[in-house]
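Structure, as structure tokens:
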Amino acid sequence: MAKTDKPTDQPSDTKKSDRPKARLPRGLADRTGAELSATRAMLEKIRGVYELYGFEALETPAFEYTDALGKFLPDQDRPNEGVFSFQDDDEQWLSLRYDLTAPLARYVAENFDKLPKPYRSWRAGYVYRNEKPGPGRFRQFMQFDADTVGAPSVAADAEICMMAADTLEAVGIPRGSYVVRVNNRKVLDGVLEAIGLGGDENFGRRLTVLRAIDKFDKFGAEGVALLLGPGRKDESGDFTKGAGLNDREIATVLSFTSHNSTSGAAPLLDWKRLISTSEIGTEGIDELLQIEELIQAAGYSDRVKIDPSVVRGLEYYTGPVYEAELTFEITDEDGRPVRFGSVAGGGRYDGLVARFRGEKVPATGFSIGVSRLLAALAALGKLDADAEIGPVVVLAMDKEPARIADYMKMVADLRANGIRAEMYLGGAGMKAQMKYADRRGAPAVVIQGSNEKAAGEVQIKDLVEGARIAASIADNAEYRAARPAQLAVPETEMVAAIRAILERRAQGTLGLAD
RNA sequence: GCAGGUGUAGCUCAGUUGGUUAGAGCGCCGGUCUGUGGAACCGGAGGUCGGUGGUUCGAGCCCACCCACCUGUACCA
């Protein structure tokens, strides 16, 4: 920008206070190079597993009619509570999807007659939730779902649990560093019945109890007991009201849910005796026994385990529920342990399609939180995070049109040979151009001033090698004079020389681990 | 939503008992340089001190309200 001595020379006709502030809305994120390619690679791996299991692709739009999405209808005062909503020309409410299951239910209901049953599909895409963002929690995030619609058998549930395990391993989570935990909502219902919380009038308290159980991994048995009983006070002194159960009832609930993940039929049979008075509970246990049997037969017992503390979506799931949890711990930069917890979850939702069709359509599905899984992989060091190799940069040493044409020709030659290349298009001098090339991650630059031009040569500098050599040169004058990792070649050999550098770089990357 | 905390340049922070034109380091942009990334030197951009209102001759500093962010918690399809 030109030097100015008067503020009236402002190039913009807007006053500073009128200019918008360049800022990202909270809870959203920009993503660039390495992260994007890592995401792409991960999505490909997940897709590979899903398709191997026989699921087919489906894409639905980012928004739907609000009533098709479910119970989160906007009201006049707070139309965007929880979901982002807006009105169409004809006043109908539309909402951004908050998961990929509700749109699937709509799609299946709308196309029911055309689809093979069971219908097995996968979907990947961004979903939107208008809630308070936090670390690792965004208002736009990606999910990757697979669902089987029209299959009443628990074999469909067992299959999805096994697929979840295969998927986590495919993206690089080692066996033993995760567990897929399975429960059955019917068992929890049976427990609730056993402590006298059956019936419509206890709906609210049932929710409170289930929410308390869901906090097991966060607060432990004592914390959950407080939430089941009188309530719990957190670190800031804020108080959470409890479910008001008495000691015996609390003990009953905990006798189920405080078990760690298990496998084998024995504990299940114990639990079955405990809730033998409850018909629904007994049914739930029987389903879990079947799942356990299928999992054992397929050899997944070390990865997929029964765990009666899994709760998941409260008013949503009707049978088996599952959750994939990462079990390793990582410490953050402050040395505090970070748990990633659940990276995927799902369950059976026999009521969702019925909303549209009246008749029950049993379905079971599973959703991976792509962003969270990606963060976990990054922490594990499992991301293919080789820094992207930038383009070869041809420096614009002279700015006359004829010379620019020369540089453009060089770039064209490189591109014709499949080498990523560009001419420096900015207005700055050579030093700034070198900085630019450095920042772009360029493997090499091509330099041709008038001297080189007269000699029919170009200077080619290997930036990676150059940086290495430069590290041992302290004095600036010496550094400049040395021109490290730079060689002059005839113009006709420019492409070959660049290619040699790129090949050396590609090999060097493998050995750079030390 | 609730509870607690924090707001001065892109980042990390100074800023006297309230007193002229709000500073530093790092970063950023450019130059010194027919030339070379890092280093050095020189120059530059960048702040209505989170916002609004109040007290005062005078507010970055005091008061009120609001907003944003952080931590915990609630909710989470």
Side-chain angles (χ1 to χ4, degrees), chain A residues 1-4 15-19 21-23 25-27 69-72 78 81-83 95 97-103 105 127-135 137 143 207-208 211-212 214-215 218-219 223 227 231-241 311-317 336 342 345-347 349 352 367 369 393 395-398 426-442 444-445 447-454 459-486:
Chain A
M1 202 198 283
K3 283 174 193 158
T4 60
K15 282 201 232 149
K16 199 185 281 180
S17 56
D18 295 338
R19 283 186 231 148
K21 192 171 180 192
R23 64 205 237 272
R26 66 204 184 93
L69 284 182
K71 57 188 171 149
F72 297 91
R78 342 175 76 180
E81 183 77 0
V83 293
S95 294
R97 61 186 177 194
Y98 51 76
D99 68 14
L100 296 176
T101 310
V127 301
Y128 304 84
R129 294 185 188 180
N130 192 10
E131 338 175 285
K132 179 184 156 187
R137 232 177 131 164
Q143 290 193 331
L207 286 185
T208 308
R211 283 173 187 142
D214 202 24
K215 305 258 180 306
K218 206 168 179 181
F219 301 141
L227 286 171
R232 178 179 178 276
K233 197 180 274 192
D234 73 33
E235 297 166 20
S236 67
D238 195 25
F239 183 74
T240 307
K241 199 162 171 274
V311 178
R312 309 286 316 167
L314 288 173
E315 295 164 67
Y316 191 70
Y317 293 119
R336 288 181 302 189
S342 166
Y349 49 96
L352 217 57
S367 177
V393 174
L395 303 193
M397 302 299 292
D398 299 313
M430 181 176 186
K431 187 178 171 86
Q433 297 192 33
M434 289 299 294
K435 262 172 97 161
Y436 170 80
D438 189 39
R439 190 173 278 193
R440 287 299 307 276
V445 294
I447 304 163
Q448 191 189 52
S450 52
N451 292 351
E452 290 88 357
K453 171 69 175 171
Q459 297 273 343
I460 290 174
K461 177 158 185 164
D462 178 337
L463 292 189
V464 176
E465 190 62 21
R468 197 182 327 221
I469 297 170
S472 61
I473 304 175
D475 180 69
N476 184 242
E478 186 190 338
Y479 168 66
R480 289 215 315 268
R483 294 190 173 180
Q486 187 168 327

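Below, read A as the first sequence line, B as the second, and so on, with proteins coming before strands; counting in each chain starts at 1. Keep in mind that what you see is a predicted model, and the values were worked out from it rather than measured.
Within the 4.0 Å cut-off from OP1 or OP2 of U73(B), at least one side-chain nitrogen or oxygen of Lys218(A) is found. Considering only side-chain N and O atoms, Arg232(A) lies nowhere under 4.0 angstrom from the phosphate OP1 or OP2 of U73(B). At the phosphate of C76(B), neither OP1 nor OP2 sits under 4.0 Å from any side-chain N or O atom of Arg312(A).
Distance check on atom P: A64(B) versus A77(B) gives 41 Å, rounded to whole Å. The same atom, P, is picked in G27(B) and in C11(B); the two are 15 Å apart, to the nearest Å. Nucleotides U20(B) and C57(B) are separated by 14 Å at their C1' atoms, to the nearest Å. The separation of U17(B) from C62(B), taken at their C1' atoms, amounts to 12 Å, rounded to a whole angstrom. Rounded to a whole angstrom, the distance from the P atom of C49(B) to that of G5(B) is 25 Å. Rounded to whole Å, the C1' atom of A45(B) lies 9 Å from the corresponding atom of C28(B). When the C1' atom is compared between U56(B) and G19(B), the two are found 12 Å apart, to the nearest whole Å. For G60(B) and G23(B), the C1' atoms lie 12 Å apart once the distance is rounded to whole Å.
Mapping Gly449(A) and Thr240(A) onto RNA chain B by nearest heavy atom places Gly449(A) closer to the 5' end of the strand. If Phe239(A) and Pro133(A) are placed on RNA chain B by their nearest nucleotide, the residue sitting closer to the 5' end is Pro133(A).
Using a 4.0 Å heavy-atom distance criterion, Lys241(A) is classed as making no nucleic acid contact. Using a 4.0 Å heavy-atom distance criterion, Glu452(A) is classed as a base contact. Residue contacts shown for Leu395(A) are absent, as no nucleic acid heavy atom lies under 4.0 Å away. Counting any heavy atom pair closer than 4.0 Å across all strands shown, Asp99(A) reaches sugar-phosphate atoms only and no base atom. Using a 4.0 Å heavy-atom criterion, one finds that Asp462(A) contacts the bases of the nucleic acid, with or without backbone contacts as well.
The CD-C1' distance, from Glu465(A) to G37(B), rounds to 14 Å in whole Å. Atom CD of Gln433(A) is separated from atom C1' of G37(B) by 12 Å (rounded to the nearest Å). Between the NZ atom of Lys233(A) and the P atom of G4(B) there is a distance of 12 Å, rounded to whole Å. Distance NZ (Lys132(A)) to C1' (A74(B)): 9 Å, rounded to an integer number of Å. Put simply, CD on Gln459(A) is 14 Å from P on G37(B), counting in whole angstrom units. In this entry the distance linking OH of Tyr98(A) with P of C75(B) reads 18 Å, nearest Å. For the pair Met434(A) CE and G38(B) P, the computed distance is 9 Å after rounding to whole Å. Here C76(B) presents its C1' atom at 5 Å from CD of Glu131(A), a figure rounded to the nearest Å.
Shown here are the side-chain hydrogen bond (donor to acceptor under 3.5 Å, both in side chains) partners of Arg440(A), two or more places apart in sequence or in another chain: Glu422(A), Tyr436(A). Evaluation of the side chain to side chain contact (heavy atoms under 4.5 Å, CB included) rule for Ser367(A) yields Gln143(A), Asp145(A) as partners, not counting sequence neighbours. Taking the salt bridge (charged side-chain N to carboxylate O under 4.0 Å, His left out) definition, one finds that Asp234(A) meets it with nothing, sequence neighbours left out. Under the salt bridge (charged side-chain N to carboxylate O under 4.0 Å, His left out) criterion, Lys453(A) pairs with Asp406(A), not counting sequence neighbours. Listed by chain and number, the residues in a salt bridge (charged side-chain N to carboxylate O under 4.0 Å, His left out) with Arg129(A) amount to none (sequence neighbours excluded). Ala467(A) meets the side chain to side chain contact (heavy atoms under 4.5 Å, CB included) test with no other residue; sequence neighbours excluded. Every residue two or more places apart in sequence or in another chain that forms a salt bridge (charged side-chain N to carboxylate O under 4.0 Å, His left out) with Glu465(A) is listed here: Arg468(A). The ring pair (Phe, Tyr, Trp, His ring centres under 6.0 Å) test applied to Tyr128(A) returns no partner, not counting sequence neighbours.
Distance from the side chain of Phe219(A) is smallest to U73(B) among C75(B), U73(B), G37(B). Of the candidate nucleotides A68(B), G38(B), A74(B), A74(B) has the atom nearest to the side chain of Arg137(A). Among the nucleotides A77(B), C75(B), G72(B), the one closest to any side-chain atom of Val83(A) is A77(B). Nearest nucleotide to the side chain of Tyr479(A), out of A77(B), G38(B), C75(B): G38(B). Here A77(B) is the nucleotide among A77(B), C75(B), A39(B) with the atom lying nearest to any side-chain atom of Arg129(A).
Val464(A) is listed as a side-chain neighbour of Asp462(A), based on a closest heavy-atom distance under 4.5 Å. Considering only heavy atoms from C-beta on, Thr101(A) comes within 4.5 Å of Leu352(A) through its side chain.
Taken from NZ in Lys431(A) to CG in Leu395(A), the straight-line distance is 13.5 Å, to the nearest 0.5 Å. Taken to the nearest 0.5 Å, the OG1 atom of Thr240(A) stands 12.0 Å off from the CZ atom of Arg211(A). Within the model, atoms CD1 of Ile447(A) and CZ of Arg483(A) stand 7.5 Å from one another, a figure rounded to the nearest 0.5 Å.
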At a cut-off of 3.5 Å, list every protein nitrogen or oxygen paired with a nitrogen or oxygen from nucleotides 50-52 of chain B, distance to 0.1 Å.
none

Polar atom pairs between nucleotides 26-31 of chain B and protein, under 3.5 Å, N or O only, would you list them?
unit_1 : atom_1 : unit_2    : atom_2 : d
C28(B) : OP1    : Arg439(A) : NH2    : 3.0
C29(B) : OP1    : Arg439(A) : NH1    : 3.3
G31(B) : OP1    : Gly429(A) : N      : 2.8

What pairs of nitrogen or oxygen atoms, one from the protein and one from nucleotides 7-10 of chain B, lie under 3.5 Å apart?
none

Nucleotide pairing, RNA chain B (Watson-Crick or G-U, distances under 3.5 Å), in dot-bracket with [ ] and |: (((((((..((((.....[...)))).(((((.......))))).....(((((..]....))))))))))))....

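Across all their heavy atoms, Ala442(A) and Leu463(A) have their closest contact at O-CD1, 3.4 Å.
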Start with the C-alpha gap between Lys461(A) and Met434(A), add the side-chain angles, then the distance that decides, and say whether side-chain contact (heavy atoms from CB on, under 4.5 Å) holds. CA-CA 10 Å; Lys461(A) 177 158 185 164; Met434(A) 289 299 294; 4.1 Å; yes

Under the side-chain contact (heavy atoms from CB on, under 4.5 Å) rule, what do Val445(A) and Gln433(A) come out as? Steps first, then yes or no, please. CA-CA 9 Å; Val445(A) 294; Gln433(A) 297 192 33; over 6 Å; no

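No hydrogens or angles were tested; on distance alone, nothing pairs the side chain of Asp438(A) with the base of G38(B) as donor and acceptor under 3.5 Å.
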